[in-house]
Amino acid sequence: MIKNINNFTRTIMDKYEQVLELAKRRGFLWNSFEIYGGTAGFYDYGPLGSTLKRRIEQIWRDMYVVQEGFMEIETPTIGIEDVFRASGHVGGFSDPLCECEECGEAFRADHLVEDELDIESAEAMSNNILEDSIKDNEIPCPVCGGKLGSVYSFNLMFNSNIGPGNERPAYLRPETAQGMFINFLRLARYYREKLPFGVTQIGKSYRNEISPRQGVIRLREFTQAEAEIFISPEDKTHPEFDKYADTVLNMYIEDGNGGVVRPIYLDDAVKEGYIAHEYLAYHIALTKDFLLRIGINPDKLRFRQHKKDEMAHYAADCWDAEIESDRFGWIETVGIADRTNYDLKSHTDTSGTELSIYREYEEPEMVNQFTVKPDMSKLGPSFKGKAKAIAEKLKQLPPEELEKDNIQVNVDGEEYTVPSNMVEFTEETVKVSGETIFPHVIEPSYGIDRIIYCVLEHAHNKELVNDDGEEDYRIVLKFKKEVSPIQVAVLPLMSKNDLIKPAKDISARFRKKGLMVSYDDSGTIGRRYRRNDEIGTPYSVTIDYQTLEDNTVTIRDRDTMKQIRLSKDYIEDTVYNLIDGEMKFEDAGTLIET
RNA sequence: GCGGCUGUGGUCUAGUGGUCAUGACAGAGGCUUCCCAAGCCUCUAACCCGGGUUCGAAUCCCGGCAGCCGCACCA
């Protein structure tokens, strides 16, 4: 006999629908602005969702901020135009679109022109040039052959203005990274001018996606956790690499027809040249560590290297952590890139502030320095307007030329003769103790919302529970204990005052210990266990009549449904240690035979 | 943004141009000494939004919004 038949003879829902239905019903994820009809690309985190998210972010902080020592900063979510001009988002983050006037299809104008004219890249072309190019070449609509309309930009950044009027355009940041790059000099000083150092930020980013679907997988407002690690361009080894050398990565390798997942030791991946260098490899392994710790199924995790044409133009190497989901297949959830010095150079060029760091050599170097000093007080009167240009030429001459009594210089096609007393030169050995460099940046960039969906999906289980020959199902979220929003349920066996009072006392003690408690005395005990299974509460403490006699309570384990009985003294410490992983369930009390 | 399909309590659903709408689960209260969604009673709670056609619209039409599928897009 099958109980709960109505629960499971509904319209067949795929895993995604089941997860989202549960997430909606139990307060994890809600579509935003629901009472006004909702808006695609925005989701609210409900009580359990935001708690889950906070716990996951907290683990991220533990790994990146506490363990790695990359301090966290917080910068505005809105940015001025210069920042995004330098980052390339103002020019490059928009797509030139063009619609067919007949059928209304939209196309990438640059792609059309590239194909038609058989040129490499039309990216640099302005909208006007693209439009002219389409008109002149009479490029037709690829779908219906109709006439194509004008070209317009669709920028993926939300825009606004600072202050009144349109004088100061501003954009909602499309990534948190730029806030860290532009603070480079302050950060370098904070870290006392020594490489490597890292900085992190967890926060909201915004992209005005053309057509976001896939629920929480592609959002217009989303949370990123990013680290920017500034390292020496010459030395990309990692001092702690040994820690992860024998980590096995599921590396996804593409060949002509699809691809294969190949397990490979991190050590070998670097040695065989799959991963560019140790520093990047270390952070790929760290990413794996993090994802497994929060409950991603290791069999559904792989790392894929960006193809050359897929890689951002500045990146030297880039890997994605991809997580497999039931409906969407492999989802990119983390990007781990070597961004080289692109961002620091680019902000240097745009702002005029040099975002570099002085690096001292281990040994000072003795360098022959050849200096030419034209005597402007003599050159000026003699050569008037040409003096400056002549001086520049003189500086480029080799010593043997400068030694001549009359030095010949060619400026703008005319020969000038400069007497040797008008220029001095010295050749000396100077001590150079260091140099100015632009560090390279290793960037792990996490899409937190996508990861949360995957955690929910991987935790979601529908289990057959056999009890007295009857078939029964339970839905259980098998969260890692560390991320479960509610950590312990407190349940009086019956809704009776003599059981309620001690149950409430125990709840209070849990709360004092900092544990998130759900107290529940409504409905039968079995129903309450199932409620807690459904939201992933790892432990349920039950107060029964025996509690009143011998001061013991039971703890039920979510995953095994087994129970132990133990004294209620120090119960809060026991549960705390169970969640922390310090104590094993079987060791915490005597197993109850059922 | 284009095309197709869809939109009913918290969730999943039934439904016909004609009494402010079916059922299940969930939820609240009660009864039942109750360790894995038992039972009984009572209760709460919905036709996506806006127009139109009509005596009458949740039902038909149009537009919007949202979801799904396909195309395009996805630094």
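Proteins come first, then strands; the chains are lettered A, B, ... in the order of their sequence lines, and each starts at number 1.
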Roughly how many Å apart are [M] and [N], using the [atom1] atom of each and rounding to a whole number?
{"N": "B/C61", "M": "B/U53", "atom1": "P", "answer": "16 Å"}
{"N": "B/G15", "M": "B/G39", "atom1": "C1'", "answer": "30 Å"}
{"N": "B/G29", "M": "B/U13", "atom1": "P", "answer": "28 Å"}
{"N": "B/A37", "M": "B/C25", "atom1": "P", "answer": "14 Å"}

Just checking [X]: base, sugar-phosphate only, or nothing, at a heavy-atom cut-off of under 4.0 Å?
{"X": "A/R26", "value": "nothing"}
{"X": "A/K24", "value": "sugar-phosphate"}
{"X": "A/D533", "value": "nothing"}
{"X": "A/S495", "value": "nothing"}

Basic-acidic side-chain contact under 4.0 Å: [X], [Y]:
{"X": "A/R339", "Y": "A/E175", "value": "yes"}
{"X": "A/E534", "Y": "A/R558", "value": "no"}
{"X": "A/R327", "Y": "A/D14", "value": "yes"}
{"X": "A/E322", "Y": "A/R304", "value": "yes"}
{"X": "A/K15", "Y": "A/E457", "value": "no"}
{"X": "A/D349", "Y": "A/K345", "value": "no"}
{"X": "A/D533", "Y": "A/R556", "value": "yes"}

Ignoring backbone atoms, test whether [X] places a side-chain nitrogen or oxygen under 4.0 Å from the OP1 or OP2 oxygen of [N].
{"X": "A/S522", "N": "B/A28", "result": "yes"}
{"X": "A/R528", "N": "B/G27", "result": "no"}
{"X": "A/T524", "N": "B/A38", "result": "yes"}
{"X": "A/R25", "N": "B/U11", "result": "no"}
{"X": "A/R527", "N": "B/A38", "result": "yes"}

Counting Watson-Crick and G-U wobble pairs only, both distances under 3.5 Å, name the nucleotide matched with [N], or none.
{"N": "B/A21", "result": "none"}
{"N": "B/G56", "result": "none"}
{"N": "B/U33", "result": "none"}
{"N": "B/C73", "result": "none"}
{"N": "B/C5", "result": "B/G67"}
{"N": "B/G27", "result": "B/C43"}
{"N": "B/G50", "result": "B/C62"}

Taking for A/E34 and for A/Q224 the nucleotide of RNA chain B with the nearest heavy atom, the one nearer the 5' end belongs to A/E34
A/G38 or A/R450, whichever maps to the more 5' nucleotide of RNA chain B | A/G38
Which nucleotide in the set [options] lies at the smallest distance from any side-chain heavy atom of [X]?
{"X": "A/I525", "options": "B/A66, B/C35, B/C12", "answer": "B/C35"}
{"X": "A/R556", "options": "B/C36, B/U11, B/C35", "answer": "B/C36"}
{"X": "A/E534", "options": "B/C74, B/A37, B/C12", "answer": "B/A37"}
{"X": "A/N31", "options": "B/A37, B/C35, B/A66", "answer": "B/A66"}
{"X": "A/A40", "options": "B/U11, B/G67, B/C68", "answer": "B/G67"}
{"X": "A/M494", "options": "B/A66, B/C34, B/C36", "answer": "B/C34"}

Has the side chain of [X] got a donor or acceptor atom sitting under 3.5 Å from an opposite partner on the base of [N]?
{"X": "A/Y36", "N": "B/C49", "answer": "no"}
{"X": "A/R218", "N": "B/C73", "answer": "yes"}
{"X": "A/Q563", "N": "B/C35", "answer": "yes"}

